[in-house]
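Beneath this line is the structure, given in structure tokens, with notes to follow.
Side chains are part of it too, since the values below use all heavy atoms of this structure and drop only hydrogens, waters and symmetry mates.
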Amino acid sequence: MVFARSALRLARPASSLLSQRAAPRFPLAKSLGGVRTLTATSSQQGKVLLVLYDGHEHARHEPKLLGTTENELGLRKWIEEQGHTLVTTSDKEGEASKFDQELVDAEVIITTPFHPGYLTAERLAKAKKLKIAITAGIGSDHVDLNAANTTNGGITVAEVTGSNVVSVAEHVVMTILVLVRNFVPAHEQIVSGEWDVAAVAKNEYDLENKVVGTVAVGRIGERVLRRLKAFDCKELLYFDYQGLSAEKEKEIGCRRVDSLEEMLSQCDVVTINAPLHEKTRGLFNKELISKMKKGSWLVNTARGAIVVKEDVADALKSGQLRGYGGDVWFPQPAPKDHPLRYATYGPFNSGGNAMVPHMSGTSIDAQVRYAAGTKAILDSYFSGREDYKPEDLIVHKGDYATKAYGQREGKKHANA
């Protein structure tokens with residue numbers, strides 16, 4: 001689905017940005033070939049490209065479903081009032097896609113982790129006017145960050161940090177319970193009209209007295225541990241390159257483990273809450289999964305490419321993993337033949353699968369937050385202030401602004 005409302009623009013210097021603009025007036029609005037056009041008096045305008053998923057009738061049912069092409073993060077009127085052109089599409093696959101066609105002269109791109117417009121090095125090379133890429137949500141791994149630092153003098157990549165951390169943390173805890181309590185097969189039994197308690201109880205456990213560990217303990221991982229405290233787990237563990245403060249560890253009742261393999265060998269449940277980068281891509285492969293406690297559960301709401309999908313499916317089939325759940329896939333949307341759509345716990349040929357579409361971070365409450373955060377980042381850019389929240393910046397002015405994507409040191413710090 002594509003929504004395009006182009007402005008008839010006057011020529012502008014090639015170096016001009018979407019910034020420091022006079023308030024535009026719209027003396028004329030007309031329709032050309034089914035596409036609404038606006039003629040503005042502003043001499044400095046640029047294109048904003050918005051890549052979202054289609055909501056269809058659901059977007060009409062719920063206007064707060066802001067992350068859809070129909071509702072456009074609630075930003076169209078405001079963007080057009082600033083004198084800019086907004087093009088919205090869900091078509092993002094292949095060189096003939098609307099995304100590829102519109103990217104060549106877009107100055108701003110906004111997308112979400114739930115239907116990402118992948119900004120590869122090849123695509124960035126074609127985006128001659130691109131200045132800023134905004135993630136409406138958390139996670140900018142759909143952008144080639146190294147290429148972003150060298151494209152057009154350095155493209156700013158920003159995301160709405162913290163906008164959906166609560167939403168994802170809640171989903172992690174829910175998924176753990178769904179797997180450990182063998183909920184999905186039990187529910188499917190009921191809706192199919194059957195009643196066989198033994199068939200589902202044979203693979204049902206308690207979370208209490210289990211060892212649970214998180215891979216990474218950032219904003220989401222920490223919240224997961226805090227929520228799990230109430231379940232009286234035997235131990236709460238975490239692996240990360242930097243630890244929590246001693247005060248937080250005591251408050252939560254958790255312990256840091258220096259070796260990932262050591263932590264995995266102790267855990268009944270493992271939850272992945274790390275960003276995707278060079279060191280985490282394909283991290284959970286056959287070899288690492290073999291280090292996990294046999295019959296453990298693995299939850300991934302981070303990024304699909306952190307696991308090797310075939311290796312996870314094989315581990316479920318063999319019984320090395322008792323279950324796998326989460327909402328992230330690679331690529332997205334997941335193809336119909338993706339092995340994790342159909343994988344089950346092999347020894348029982350049942351259960352062990354708690355996969356859903358990428359939805360954990362896009363609850364209605366989260367959408368309101370990340371839409372507001374996107375508007376704030378846009379306003380900072382449009383105005384020329386560039387007073388972004390430091391925690392929202394991934395790369396800026398040709399350099400890394402965070403260590404989250406591979407513990408990178410920015411050039412300024414590295415050379416200090």
Per the ring pair (Phe, Tyr, Trp, His ring centres under 6.0 Å) rule, what does the pair list look like for residues 140-194, sequence neighbours excluded? Phe183-His187
Measure the shortest side-chain to side-chain distance between Thr271 and Val215 over non-hydrogen atoms and say whether it is less than 4.5 angstrom. no
When rounded to the nearest 0.5 angstrom, what distance separates CD1 in Ile394 from OG1 in Thr161? 5.5 Å
Sub-4.5 Å side-chain heavy-atom contact between Asp314 and Lys286: no
Between Trp329 and His338, does the ring centre distance come in under 6.0 Å? yes
Are Glu159 and Asp392 side-chain neighbours, meaning at least one heavy-atom pair lies under 4.5 Å? no
Asn164 side chain vs Gly361 backbone, donor-acceptor pair below 3.5 Å: yes
Less than 4.0 angstrom from a charged side-chain N to a carboxylate O is my criterion; do Glu122 and Lys126 meet it? no
Quick check on side chain to side chain contact (heavy atoms under 4.5 Å, CB included): which of Thr151, Ile155, Asn152 does Lys131 satisfy it with? Asn152
Could you check whether Asp327 and Ser360, counting side-chain N and O atoms only, form a donor-acceptor pair closer than 3.5 Å? yes
Listed partners of His396 passing ring pair (Phe, Tyr, Trp, His ring centres under 6.0 Å), at least two apart: Tyr388
Provide the full list of side-chain hydrogen bond (donor to acceptor under 3.5 Å, both in side chains) pairs with a residue in residues 366-376, sequence neighbours left out, each pair given once. Ser167-Arg369, Thr362-Gln367, Thr362-Tyr370
Which pairs count as side-chain hydrogen bond (donor to acceptor under 3.5 Å, both in side chains) when at least one residue sits in residues 188-199, sequence neighbours excluded? none
Answer whether the closest heavy-atom distance between the side chains of Leu264 and Lys293 falls below 4.5 Å. no
Do Ser380 and Asp387 pair up side chain to side chain, a donor and an acceptor below 3.5 Å, judged on atom types alone? yes
Qualifying salt bridge (Lys or Arg N to Asp or Glu O under 4.0 Å) pairs with a residue from residues 173-182, counting only residues at least two apart or across chains: Arg181-Glu204, Arg181-Asp206
I'd like to know if Arg60 and Glu70 make a salt bridge, using a cut-off of under 4.0 Å between side-chain N and carboxylate O. no
May I ask you to decide if the ring planes of His84 and Phe382 are parallel, tilted or perpendicular, using 30° and 60° as cut-offs? tilted
If you define the side chain from C-beta out and look only at heavy atoms, does anything of Val51 sit under 4.5 Å from Asp91? no
Is any NZ, NE, NH1 or NH2 atom of the basic residue among Glu107 and Lys128 found under 4.0 Å from an Asp or Glu carboxylate oxygen of the other? no
Please say whether more than 12 non-hydrogen atoms of neighbouring residues, nucleotides or ligands are located less than 6.0 Å from NZ in Lys92. yes
Main-chain N/O of His58 paired with His56 side-chain donor or acceptor, under 3.5 Å: no
Say you draw a straight line from CG of Asp141 to CZ of Arg303; how long is it, rounded to the nearest 0.5 Å? 4.5 Å
Please tell me if the side chains of Gln101 and Glu95 come closer than 4.5 Å, counting only heavy atoms from C-beta onward. no
What's the shortest heavy-atom distance between Asn71 and Leu65, and which atoms? ND2-O, 3.1 Å
Using the rule given for side chain to side chain donor-acceptor pair (under 3.5 Å), can you reason through Ser90 versus Asp54, listing the C-alpha separation, both sets of side-chain angles and the distance that settles it, and then say yes or no? CA-CA 6 Å; Ser90 61; Asp54 296 329; 2.9 Å; yes
Pairing of Lys234 and Glu208 as salt bridge, 4.0 angstrom limit: no
Determine, step by step, whether Asn300 and Tyr324 satisfy the side chain to side chain donor-acceptor pair (under 3.5 Å) criterion, reporting the C-alpha distance in whole Å, the side-chain angles of both residues, the deciding distance to 0.1 Å, and the verdict. CA-CA 8 Å; Asn300 181 14; Tyr324 179 77; 3.2 Å; yes
Is Phe99 close to Ile109 at the side-chain level, that is, under 4.5 Å between some pair of heavy atoms? yes
Salt bridge present between Arg256 and Glu249 (N-O < 4.0 angstrom): no
If you take all heavy atoms of Thr280 and Pro275, which pair is closest and at what distance? OG1-O, 2.8 Å
Step-by-step salt bridge (Lys or Arg N to Asp or Glu O under 4.0 Å) determination, Glu386 to Lys397: CA-CA 11 Å; Glu386 295 196 358; Lys397 297 186 182 300; 3.5 Å; yes
Looking at Arg123 and Asp144, is any side-chain nitrogen of the basic one under 4.0 Å from a carboxylate oxygen of the acidic one? no
Across all chains, not counting sequence neighbours, the ring pair (Phe, Tyr, Trp, His ring centres under 6.0 Å) partners of Phe348 are Tyr345
Salt bridge present between Lys129 and Asp105 (N-O < 4.0 angstrom): no
Do the side chains of Thr135 and Thr112 get nearer than 4.5 Å, heavy atoms only? no
